[in-house]
*Asks:* 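Below: one structure in structure tokens.
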Amino acid sequence: MNNDTLLIPESQLHDLSMRVLQHLGLSAAHASAMTRIVVAGQRDACQSHGAYRILSAAQTIRTGLVDLQAEPIVQPTQGAITRVDARKAFSPLALEAGLPHLVAATRQLGMGALVINHCFHFTALWPEVEMLTAQGLAALVMTPSHAWVAPTGGKRGVFGTNPIAFGWPRPGPYPYVFDFATSAIARGDLELHRRAGKRLPEGAGVDADGAPSTDPVAVAKGAMLTFGGHKGSALSTMVELMAGALIGDLNSQGSMDFDAGKGGVPYHGHLLLAFDPQRFAGGEWPASQERAEAMFAAITDQGARLPSERRFAARAQSAKQGISISRALYNDIEALLQ
Ligand code: NDP
Ligand code: PYC
């Protein structure tokens, strides 16, 4: 550990986050739900969506757009669908309110959907997916963001960074989980490059004239690009449709218009789909699970790693030695108390 990095107990980061978020005016219920997610992110060395997000929350609160106290309203589950109105508040509390209903519907029907409307969303998706795999369910989660990302062949933002996360329950402590932005890099990562004065990887974006650029400031003025060319572009379109139009909420352009240049985190809806493998595979689930495990082994046996293995290793390391956080970030978060 060098001078620029601190190692702190999880409880210390938890307390700091609670104090800061409540100092910024959030209710204890919102502060707790948000703290659980950002601390988990930092614990898992998810730098773009860990403690750094406390700064994003603070900036969003300054816009005056977010409701700091609103209790989410869970509407009665209709068929497979549970809908939660977050009422212009941050999403984590609405997620926690809706999740038990999603799990119950999924167990009853074999599959279920949780629709969260009218939320400010700033978190990673893997904590949400892991809440479902912990219940023995498979999960697919997606959300739009702000229209920062140009379609392949274009140069103006249309899509959000539009993450997609998938989880599969496994025997043992860890599920199979992937979680990635459909943009070449996440916006949070672009911001971290800007803070550190670093160039972006090639292919991350274009400047305001549409020319390829690795300058995070120029790309923020121009547009980010999707990963994988037309394939990322199509996946990003799907996220706009499934977690925007389908659930009766804003797409990434609508979110950006709502923000009107104030610099808050995106405001839109959010979609979680859950599947009960016991129901889908019927009596075949034990054999199906064995085949899935054989596939994972065929990946790792050749030296390739599974997604989330880096995070799980960081989680184990954090449990042993404390959570690693940059001193500059810790100081910036603490400064919010003044
Ligand atoms: P990364 O590119 O860092 O990682 C994507 C996934 O690929 C992870 O599951 C990662 O696992 C895995 N992975 C990375 N390298 C390998 C490898 N060599 N072999 C196998 N798997 C690998 O993610 P992004 O930067 O795109 O996204 C970061 C976070 O930002 C996500 O959690 C996402 O939810 C969040 N986000 C949230 C948004 C929102 O609107 N709320 C918008 C955009 C992003 P591992 O973590 O173990 O490295
Ligand atoms: O990193 O792209 C991102 C992001 C958008 C909203 C929250 N995170």
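Keep in mind that what you see is a predicted model, and the values were worked out from it rather than measured. All residue numbers refer to positions in the sequence shown, counting from 1. All values below were derived from every heavy atom in this structure, side-chain atoms included, with hydrogens, water molecules and symmetry-related copies excluded. For ligands, and for the atoms within them, numbers begin at 1 and follow the listed sequence.
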*Asks:* Any idea which atoms of ligand 1 are less than 4.0 Å away from a heavy-atom of W126?
*Replies:*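 Those of ligand 1 that fall under 4.0 Å from W126 are 32 (O).
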*Asks:* Can you list the ligand 1 atoms lying under 4.0 Å from a non-hydrogen atom of H121?
*Replies:*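 Once the distances to H121 are compared, the set is 41 (N).
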*Asks:* Would you mind finding which of S48, S255, A45 brings a heavy atom closest to atom 28 (C) of ligand 1?
*Replies:*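 Comparing heavy atoms across S48, S255, A45, the nearest one to atom 28 (C) of ligand 1 lies in S48.
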*Asks:* Identify the closest protein heavy atom to atom 11 (O) of ligand 1: which residue and atom is it, and at what distance?
*Replies:*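 Result for atom 11 (O) of ligand 1: S308 N, 3.0 Å.
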*Asks:* Would you give the length of the straight line joining atom SG of C119 to atom NE2 of H270, rounded to the nearest 0.5 angstrom?
*Replies:*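 Rounded to the nearest 0.5 Å, the SG-NE2 separation comes out at 6.5 Å.
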*Asks:* Strictly under 4.0 Å, does any heavy atom of P266 approach an atom of ligand 1?
*Replies:*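 Outside the 4.0 Å threshold, so no.
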*Asks:* As an exercise, identify every atom of ligand 1 less than 4.0 angstrom from a heavy atom of T161.
*Replies:*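 Those of ligand 1 that fall under 4.0 Å from T161 are 42 (C), 43 (C).
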*Asks:* Out of L190, I299, N162, D179, whose heavy atom sits nearest atom 32 (O) of ligand 1?
*Replies:*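 Of the listed residues, D179 has the closest heavy atom.
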*Asks:* Output, or 'none' if empty, a list of ligand 2-protein atom pairs in which both atoms are N or O and the distance is under 3.5 Å, rounded to 0.1 Å.
*Replies:*
unit_1: ligand 2; atom_1: 1 (O); unit_2: H49; atom_2: NE2; d: 3.3
unit_1: ligand 2; atom_1: 1 (O); unit_2: R187; atom_2: N; d: 3.2
unit_1: ligand 2; atom_1: 1 (O); unit_2: G188; atom_2: N; d: 2.8
unit_1: ligand 2; atom_1: 2 (O); unit_2: T161; atom_2: OG1; d: 2.6
unit_1: ligand 2; atom_1: 2 (O); unit_2: R187; atom_2: N; d: 2.9
unit_1: ligand 2; atom_1: 8 (N); unit_2: H49; atom_2: NE2; d: 2.8

*Asks:* Pair E240, N162 - check side-chain hydrogen bond (donor to acceptor under 3.5 Å, both in side chains), show working.
*Replies:* CA-CA 8 Å; E240 296 289 339; N162 294 5; 2.9 Å; yes
*Asks:* Does R327 CZ have over 12 foreign heavy atoms under 6.0 Å away?
*Replies:*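 It does: R327 CZ has more than 12 such atoms within range.
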*Asks:* Mark up the atoms of ligand 1 that fall under 4.0 Å of a heavy atom belonging to F180, in ascending order.
*Replies:*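 Counting from 1, the qualifying ligand atoms are 5 (C), 26 (O).
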*Asks:* Identify whether the distance between the nearest side-chain nitrogen and carboxylate oxygen of E71 and R87 falls below 4.0 Å.
*Replies:*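 Looking at R87 together with E71, the answer is no, because their closest N to O distance does not fall below 4.0 Å.
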*Asks:* Should D332 and R195 count as an ion pair when the cut-off is N to O under 4.0 Å?
*Replies:*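 The answer is yes: the pair qualifies as a salt bridge.
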*Asks:* So, taking the atom named CD1 in I164 and the one named CE in M242, what distance separates them when rounded to the nearest 0.5 Å?
*Replies:*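 Result: 10.0 Å between the selected atoms.
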*Asks:* Show me which atoms of ligand 1 lie under 4.0 Å from any heavy atom of L125.
*Replies:*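 Going through ligand 1 atom by atom, the ones under 4.0 Å from L125 are 34 (O).
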*Asks:* Looking at non-hydrogen atoms alone, which of Q47, H49, E128 comes nearest to atom 29 (C) of ligand 1?
*Replies:*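 Among Q47, H49, E128, the closest heavy atom to atom 29 (C) of ligand 1 belongs to H49.
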*Asks:* I would like to know whether H146 and D259 meet side-chain contact (heavy atoms from CB on, under 4.5 Å); could you show each step before the answer?
*Replies:* CA-CA 9 Å; H146 280 326; D259 183 70; 3.8 Å; yes
*Asks:* Could you tell me whether atom 48 (O) of ligand 1 has at least one protein heavy atom nearer than 4.0 Å?
*Replies:*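 Under the 4.0 Å cut-off, atom 48 (O) of ligand 1 does have protein heavy-atom neighbours.
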*Asks:* Report the member of R305, R53, R315, R311 with the shortest heavy-atom distance to atom 13 (N) of ligand 1.
*Replies:*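 Shortest heavy-atom distance from atom 13 (N) of ligand 1: R305.
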*Asks:* Check contact between I185 and ligand 1, using heavy atoms of the residue and a distance below 4.0 angstrom.
*Replies:*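 Under 4.0 Å: no for I185.
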*Asks:* State which residue, out of S252, S145, S183, S236, fulfils the side chain to side chain donor-acceptor pair (under 3.5 Å) condition with T161.
*Replies:*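 Of S252, S145, S183, S236, side chain to side chain donor-acceptor pair (under 3.5 Å) with T161 is met by S145 alone.
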*Asks:* Could you tell me, atom by atom, which parts of ligand 1 come under 4.0 Å of a heavy atom of T123?
*Replies:*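 By the 4.0 Å cutoff, the relevant atoms are 37 (C), 39 (C), 41 (N).
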*Asks:* For atom 27 (O) of ligand 1, grab the closest protein heavy atom and report residue, atom and distance to one decimal in Å.
*Replies:*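 Its nearest protein heavy-atom neighbour is A181 N, 3.8 Å.
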*Asks:* Answer yes or no for atom 23 (O) of ligand 1: protein heavy atom present at a distance under 4.0 Å?
*Replies:*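 Within 4.0 Å of atom 23 (O) of ligand 1, protein heavy atoms are found.
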*Asks:* Donor-acceptor pairs under 3.5 Å, side chain of residues 8-25 to any protein atom, not counting sequence neighbours: which ones?
*Replies:*
unit_1: Q12; atom_1: NE2; unit_2: Y330; atom_2: OH; d: 2.9
unit_1: S17; atom_1: OG; unit_2: T35; atom_2: OG1; d: 2.7
unit_1: H23; atom_1: NE2; unit_2: L337; atom_2: O; d: 3.2

*Asks:* Under 4.5 Å between any side-chain heavy atoms of F180 and F227, yes or no?
*Replies:*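 Side-chain contact under 4.5 Å: yes.
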*Asks:* What is the closest protein heavy atom to atom 46 (O) of ligand 1, and at what distance does it sit?
*Replies:*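 Here the closest protein heavy atom is R310 NH2, 3.1 Å.
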*Asks:* Please check atom 19 (N) of ligand 1 for a protein heavy-atom neighbour under 4.0 Å.
*Replies:*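 Looking at atom 19 (N) of ligand 1, one finds that a protein heavy atom does lie closer than 4.0 Å.
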*Asks:* Which residue in the set F312, W126, F296 passes ring-ring contact (aromatic ring centres under 6.0 Å, His included) when paired with Y174?
*Replies:*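 With Y174 as partner, F312, W126, F296 yield a single ring-ring contact (aromatic ring centres under 6.0 Å, His included), made by F312.
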*Asks:* Is any NZ, NE, NH1 or NH2 atom of the basic residue among D44 and R311 found under 4.0 Å from an Asp or Glu carboxylate oxygen of the other?
*Replies:*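 Here D44 pairs with R311 in a salt bridge, since their nearest N and O are under 4.0 Å apart.
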*Asks:* Would you check if I185 and P201 make a side-chain contact, meaning some heavy-atom pair closer than 4.5 Å?
*Replies:*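 Yes, close enough: below the 4.5 Å cut-off.
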*Asks:* Taking the six-membered ring for Trp, are F122 and F120 ring centroids under 6.0 Å apart?
*Replies:*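 They do not qualify: ring centres at least 6.0 Å apart.
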*Asks:* Looking only at protein heavy atoms, which one is nearest to atom 7 (O) of ligand 1, and how far off is it?
*Replies:*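 In this structure, atom 7 (O) of ligand 1 has P307 CB, 4.4 Å as its nearest protein heavy atom.
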*Asks:* How are the rings of Y176 and F178 set to each other: parallel, tilted or perpendicular (split at 30° and 60°)?
*Replies:*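 Rings of Y176 and F178: perpendicular, over 60°.
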*Asks:* Of all the atoms in ligand 1, which lie at a distance below 4.0 Å from a heavy atom belonging to E309?
*Replies:*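 This gives 47 (O) as the contact atoms.
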*Asks:* Under 3.5 Å, is there a donor-acceptor pair between the Q78 and R83 side chains?
*Replies:*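 Side-chain D/A pair, Q78 to R83: absent.
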